[in-house]
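Atom set for the values below is all heavy atoms of this structure, side chains included, hydrogens, waters and symmetry mates excluded.
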Amino acid sequence: MLTFTANYSHARPHAPAQTRNGSVDLLRFVGAIGIIQFHCGTPGHPISLAALPMFVILLVYFGEGRSLQGSARRLIAPWLIWSAIYAALKIAQSVVSGTLLSSEFAPWMLFAGTSIHLWFLPFAFVFLCACTKVPERITPAALWTLCLVLSAAVLWVFNTQTVPAPFMQWLAVIPAACAGLIMRRTQNALLPPAVLALSGFTALLLGIDGMTIQLAVAGLAVVLAMAVRLPQSALTDFLSDISFGLYLAHPAVLAAVLYVVPIGSPLLFPAVLTGSLAATLALRKVLPASV
């Protein structure tokens, strides 16, 4: 189960055990709400997409250097479960609407899952696997150089080329993943996301607007969460623990709510949030491996 936390059982020597940061837990929950806002089209929703690179930064920071078996359990297992759930929903929709079943599925789903928002899970696992190929003894300067060059290259491709889904989504968050990697390897939780934020805002001023503002906001949010550490509490634990379920369940809830609440209605977002929360709490009881 992935809840964007540091709860991993096997760690390398360079990744010491940490207590939970209440600010980070709250940030995860706010991020999940942001993604729901984005898909509901609430005012300011493009900025809400910053939650995705923010999640990626935290996932790589807390997950790099841990057991790949554990990462697979937290990433690939939920991906398979939710791919099955959304496949079943697509089949049901095809039967009800009378549309061809083939129209509900596409080749990109082999890499993303049966709902596009699931792309996050295989990407995270692939990136964590790639991190194992980065030498443990790499110097900070070499690591920074590698990540900066890679980030610049993928942002250039993202802003100038047409790449099919889900690989376009993968490209958009690689700079965030690199920031998380540098944070972990250098044991500096502030400088890498700060550089990401500064780079994003600079790129935006230069007229490069493809995902740059979202990366900048994500970096700034992580800096604030790491710098202003709130104490862990039962509430912050709970909000963090349900964030993953909210992210995974909300497209299905949104599709159902749209039958009775139209796009643009002020009731859409609260209805989807409430339904997603109810679904998450139910799944924590009946199918905990999914959330």
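Here the side chains of P192 and Y61 are not in contact, with every heavy-atom distance at 4.5 Å or above. Put simply, the side chain of I208 does not reach to within 4.5 Å of the side chain of W156, judged on heavy atoms. By the 4.5 Å heavy-atom criterion applied to side chains, L196 and I57 are counted as neighbours. Side-chain contact between M211 and N159 is absent, with no heavy atoms from C-beta onward closer than 4.5 Å. For the pair F269/I36, a side-chain contact is recorded, criterion being any heavy-atom separation below 4.5 Å from C-beta on. At a threshold of 4.5 Å between non-hydrogen side-chain atoms, the residues I242 and R284 count as touching.
A search for ring-ring contact (aromatic ring centres under 6.0 Å, His included) contacts involving W79 returns nothing, not counting sequence neighbours. D237 meets the salt bridge (charged side-chain N to carboxylate O under 4.0 Å, His left out) test with R20; sequence neighbours excluded. Every residue meeting the side-chain contact (heavy atoms from CB on, under 4.5 Å) condition with W108, not counting sequence neighbours, appears here in chain and number order: A106, A112, I116, P166. Under the ring-ring contact (aromatic ring centres under 6.0 Å, His included) criterion, H39 pairs with H250, sequence neighbours left out. For T114, there are no side-chain hydrogen bond (donor to acceptor under 3.5 Å, both in side chains) partners, not counting sequence neighbours. Under the side-chain hydrogen bond (donor to acceptor under 3.5 Å, both in side chains) criterion, S233 pairs with T236, sequence neighbours left out. Checked against side-chain hydrogen bond (donor to acceptor under 3.5 Å, both in side chains), S102 has no partners two or more places apart in sequence or in another chain. With sequence neighbours excluded, the residues forming a ring-ring contact (aromatic ring centres under 6.0 Å, His included) with F167 are F111, W170, listed by chain and number. Legend: residues meeting side-chain contact (heavy atoms from CB on, under 4.5 Å) with I263, ordered by chain and number and at least two apart, are L258, L268. Residues that satisfy the side-chain contact (heavy atoms from CB on, under 4.5 Å) test with A130, not counting sequence neighbours, are absent from this structure. Residues forming a side-chain contact (heavy atoms from CB on, under 4.5 Å) with F125 (at least two apart in sequence, or on another chain): S71, A72, L75, I76, C129.
For the pair A279 and V253, the tightest heavy-atom approach, listed with the atom from each and the gap, is CB-CG2, 4.5 Å. Across all non-hydrogen atoms, the minimal contact from G219 to A197 is C-CB, 4.0 Å. The heavy-atom pair separating G31 from M54 by the smallest distance is CA-CE, 3.6 Å. Scanning all heavy atoms of the two residues, the minimum distance from G113 to S83 falls at CA-OG, 3.4 Å. Of all heavy-atom pairs between P175 and A172, the closest is CD-O, 3.9 Å. For the residue pair E136 and R185, the shortest heavy atom distance occurs at CA-NH1, 4.0 Å.
Going from atom CE of M226 over to atom CG of L191 covers 13.5 Å, rounded to the nearest 0.5 Å. Annotation: the span from L52 atom CG to L215 atom CG amounts to 10.5 Å, rounded to 0.5 Å. The structure places CD1 of I35 at 12.0 Å from OG of S276, a figure rounded to the nearest 0.5 Å. Going from atom OG of S23 over to atom CG of L27 covers 8.5 Å, rounded to the nearest 0.5 Å. For the atom pair CZ of F29 and CG of L235, the computed distance is 8.5 Å after rounding to the nearest 0.5 Å. One distance of note links OG of S290 with CD1 of I85; it measures 5.5 Å at 0.5 Å rounding.
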Check against side-chain contact (heavy atoms from CB on, under 4.5 Å), F201 and I213 | CA-CA 6 Å; F201 286 126; I213 183 62; 3.6 Å; yes
Check step by step if side-chain contact (heavy atoms from CB on, under 4.5 Å) holds for V60 and M183.
-> CA-CA 9 Å; V60 175; M183 289 168 67; over 6 Å; no
Mind running side-chain contact (heavy atoms from CB on, under 4.5 Å) on E104 and I91 for me, showing each step along the way?
-> CA-CA 8 Å; E104 298 291 339; I91 293 171; over 6 Å; no
List the steps, then state whether side-chain contact (heavy atoms from CB on, under 4.5 Å) holds for R74 with L59.
-> CA-CA 11 Å; R74 294 169 178 86; L59 188 146; over 6 Å; no
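In this structure, the side chain of S94 does not engage the main chain of K90 through any donor-acceptor pair within 3.5 Å. Put simply, the side chain of D25 never gets that close to the backbone of Q232: no donor and acceptor are under 3.5 Å apart. Here the side chain of S265 pairs no donor or acceptor atom with the backbone of V261 at under 3.5 angstrom. When atom types are taken as modelled, the side chain of Q187 and the backbone of R184 share a donor-acceptor pair closer than 3.5 angstrom. S243 contributes a side-chain N or O that, together with a main-chain N or O of S240, makes up a donor-acceptor pair within less than 3.5 Å.
Both M168 and F38 sit in one connected hydrophobic cluster of ILVMFWY residues. Membership requires side-chain heavy atoms under 4.5 Å apart, directly or through other members. Cluster membership for F238 and L246, using ILVMFWY side-chain heavy atoms within less than 4.5 angstrom, is shared. Using a 4.5 Å cut-off between side-chain heavy atoms of Ile, Leu, Val, Met, Phe, Trp and Tyr, with links allowed through other members, L49 and I47 fall into different hydrophobic clusters. Residue V24 is not grouped with residue V217 when hydrophobic side chains (ILVMFWY) are merged at heavy-atom distances under 4.5 angstrom, including chains of intermediate members. Follow the hydrophobic side-chain contacts under 4.5 Å out from V223 and you reach F62 in the same cluster.
Exactly one of W82, Y86, F123 qualifies for a ring-ring contact (aromatic ring centres under 6.0 Å, His included) with H117. That residue is Y86.
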Which donor-acceptor pairs under 3.5 Å do side chains of residues 140-151 form with protein atoms, sequence neighbours excluded?
unit_1 : atom_1 : unit_2 : atom_2 : d
T145   : OG1    : A141   : O      : 2.8
S151   : OG     : C147   : O      : 2.8

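Relative ring orientation between F120 and F55 is described as perpendicular, the plane-to-plane angle rising above 60° on a 0-90° scale split at 30° and 60°.
In this structure, Q69 places its CD atom where only 12 or fewer heavy-atom neighbours from other residues, nucleotides or ligands lie under 6.0 Å away.
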